[in-house]
Amino acid sequence: MPTQALTQYERERLENIRRNGEMMAALKLQHKANELSTAAKRPRQEIKSFNNDLEKKKPKIEAPIVIRRSLRSRGLPPDSSTAAGLEDDLLPSPGRFNSQSSPQGFPVDRSGPLAVKEAHSGGADDRLLLDTILCMSENAPLCPAKKFKEGTASGLNLESLTLKEENVARVVRGRILNVRFLPSGDRTVVIVGDKLGNVGFWDVDRKEGEGDGIYVYSPHSAPVSGISVQPYSLCKIFTSCYDGFLRLMDVGEEKFNVVYSGDEAIFSLSQLSSESGSLYFCEGRGGFKIWDLKTGKASSSFSLHTDRINSIDFNPANTNLVATSSTDGTACIWDLRSIRKGAPKSVSTITHKKAVHSAYFSPSGNYLATTSVDNTVGLASGANFADTTMISHYNQTSRWISSFRAIWGWDDSYIFLGNMKRAVDVISTIDRTTISLVSSHMTAIPTRFAAHPLTVGALAGATAGGQVYLWTSV
DNA sequence: TATTGAATTATGCAC
DNA sequence: GTGCATCCATTCAATA
């Protein structure tokens, strides 16, 4: 390997990986022997889960999670070859860092475009999934990824929400950070991203004889921080990752292409439901970028917070307004038309006592709901969202559990979020009361949620154990 | 102000 | 049912 062509940063990473590899090798010898001898007997879990035959076959060479940090944040001097190194990242170069074993046992290079086949790491033969998505895409080519009938009464009856036994699945192995629905009314497909870099699909409405409907890909080498389905095109799915990569899963092309590769971890990703030319993402400590997909360049770049930005959300009624939530303890609403580079000024700032993990606009755009580790859910409304009320909610998740993020349902009346007692809490915005949805099928704490954009009552909750619970309205 | 270290404790898996 | 490994999240207090 031509080490002289690598940047200092990359050399450090290689060294780190080598050290980890040595340690792993020592630790894993015994572990692997145990694994092989016990791999035959397994199914303890009653719920359906991805078939890990492929996982069993491949030698487990676990690449360490390498979180990208800028030279600046690591207190190192600027490296003149960084830009070149970045270019390098976009080219396939076998044997480079970021490699992990494929199902076939060959190392997978995660620094360039990846074939879907190469990234496929678990679950059934994925031909069926790819064809299903293509078919869904053809049937609903003009179906935008936006909320159900913005702001109008959805007619949801909370008491009708149930969790059926068959609507529980273990989709991925790691802790889920992100859950989404494919925006189609035809067929329910859930997409999740986990801490290990896996992107899992669950085809809930599969037909008899089509297997368990679970498919797993490993396009990333670190936690998947965002999933966004391209508006008007179900077969283009963007994912962002702590490894600094933004990828596009193109179902038609059968590729996980590299859209962007930066030096810092990407913590959040969003797109406008009405426009498909740009990606909006946050990286490092407070960085916000607008990425032009046509030119492949950043059209804007701002520093909006002093710490990581955990979520980005557009106001459905006025898409010039974007809300960001940050570990710096604030959630801000920005007007994209008047944001200034030097000292950006927010339209409104909601201040919490601790980190804010989400800030989402209600379907009508009249409210903003924030979730903070200071044990509150904030509700902002009125002119410039200046009227703020704080609703008490226990948000202390432990080390192994992702932070809670309160999401909106199908109209402005309810907010959904996790509860440490293995329940889904529903806050009514009308009387500010909280009720809990419980089920004996929910054996872990749901922390990240998605409301189906077209089906009222279809609510997916995801856990630290890779499970997804799909609540439905009957 | 930046860095370091302690504390937190749910889940899956193997037995 | 019990015990163990996970480990790179996040916060906060203590330190330089």
Side-chain angles (χ1 to χ4, degrees), chain A residues 12-13 16-17 19-20 23-24 27-28 30-50 52 55-56 60 62-76 122 168-178 194-198 220-225 241-244 264-265 267-268 284-285 305-310 325-329 352-358 371-375 394-405 418-423 442-448 461-469:
Chain A
E12 269 179 41
R13 288 172 55 156
N16 192 18
I17 288 166
R19 275 200 307 269
N20 277 292
M23 195 172 70
M24 286 292 179
L27 291 169
K28 286 280 153 84
Q30 184 58 42
H31 178 70
K32 245 188 272 178
N34 291 343
E35 226 175 29
L36 286 170
S37 67
T38 56
K41 49 176 179 178
R42 173 64 53 101
R44 202 187 75 114
Q45 197 135 26
E46 291 298 316
I47 57 167
K48 59 177 143 312
S49 71
F50 62 86
N52 41 13
E55 298 259 328
K56 276 180 233 158
K60 272 196 169 177
E62 289 184 14
I65 293 171
V66 181
I67 294 182
R68 293 189 161 198
R69 288 173 62 202
S70 67
L71 292 167
R72 184 166 39 85
S73 73
R74 287 178 300 143
L76 296 169
V168 175
R170 185 157 189 229
V171 183
V172 284
R173 280 198 323 149
R175 192 173 90 214
I176 294 173
L177 280 82
N178 231 285
D194 80 359
K195 205 203 68 166
L196 307 168
N198 297 311
H220 292 288
S221 59
V224 178
S225 55
C241 182
Y242 285 24
D243 64 10
E264 295 180 300
F267 293 113
S268 38
R285 296 186 68 145
H305 288 270
T306 55
D307 216 325
R308 57 182 276 184
I309 296 171
N310 298 305
S325 66
S326 169
T327 299
D328 71 8
H352 280 270
K353 292 189 185 77
K354 288 184 184 171
V356 190
H357 281 278
S358 66
T371 315
S372 167
V373 277
D374 70 359
N375 290 336
Y394 186 78
N395 294 334
Q396 303 303 306
T397 53
S398 74
R399 180 180 177 179
W400 317 111
I401 306 295
S402 295
S403 56
F404 291 149
R405 291 181 177 181
N419 180 307
M420 285 300 274
K421 290 176 180 154
R422 298 185 178 86
M442 215 158 57
T443 55
I445 299 159
T447 62
R448 300 289 161 94
T463 75
Q467 286 167 312
V468 176
Y469 305 117

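First the proteins, then the strands, lettered A, B, ... as listed; each starts at 1.
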For [X] and [N], what is the distance between atoms [atom1] and [atom2] respectively, to the nearest whole Å?
X: A:D374; N: C:dT10; atom1: CG; atom2: P; answer: 16 Å
X: A:K354; N: B:dA7; atom1: NZ; atom2: C1'; answer: 13 Å
X: A:R170; N: B:dG12; atom1: CZ; atom2: P; answer: 6 Å
X: A:L196; N: C:dT6; atom1: CG; atom2: P; answer: 13 Å
X: A:R399; N: B:dG12; atom1: CZ; atom2: C1'; answer: 16 Å
X: A:I176; N: C:dA9; atom1: CD1; atom2: P; answer: 17 Å
X: A:K195; N: B:dA10; atom1: NZ; atom2: C1'; answer: 13 Å
X: A:D194; N: C:dC7; atom1: CG; atom2: P; answer: 12 Å

| message | I'd like to check A:Q467 versus A:T443 (side-chain heavy atoms, cut-off strictly below 4.5 Å). Are they in contact? | response |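 Yes, side chains in contact.
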| Do the side chains of A:R405 and A:N310 get nearer than 4.5 Å, heavy atoms only? |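 In contact.
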| said: When you measure only distances, ignoring hydrogens and angles, does the side chain of A:W400 come within 3.5 Å of the base of B:dT9 through a donor and an acceptor? | reply: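 Under the 3.5 Å cut-off, the side chain and the base do form a donor-acceptor pair.
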| No-hydrogen, no-angle side-chain donor-acceptor test under 3.5 Å, A:R175 and A:T463 |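 Per modelled atom types, A:R175 and A:T463 side chains form no pair under 3.5 Å.
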| Quick one: do the A:S358 and A:T371 side chains pair a donor with an acceptor below 3.5 Å? |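 There is such a pair (donor and acceptor under 3.5 Å, judged by atom type) between the side chains of A:S358 and A:T371.
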On the nucleotide [N], are OP1 or OP2 found under 4.0 Å from the side-chain N or O atoms that [X] carries?
X: A:Q467; N: B:dG12; answer: yes
X: A:R173; N: B:dT11; answer: no
X: A:R422; N: B:dT11; answer: yes

Which one, [options], comes nearest to the side chain of [X]?
X: A:I445; options: C:dT11, B:dT9, B:dT11; answer: B:dT11
X: A:Y242; options: B:dA10, C:dT11, C:dA9; answer: C:dA9
X: A:M420; options: C:dT11, B:dA10, C:dA9; answer: B:dA10

| query | Which part of the nucleic acid, if any, lies within reach of A:S403 when heavy atoms closer than 4.0 Å are counted: base, sugar-phosphate only, or nothing? | reply |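 No contact.
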| Closest heavy-atom contact between A:R308 and A:Y242? |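 Minimum heavy-atom contact is NH2-OH, 3.1 Å.
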| field | First of A:R175 and A:K353 reached from the 5' end of DNA chain C, by closest nucleotide | value |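 The residue mapped nearer the 5' terminus is A:R175.
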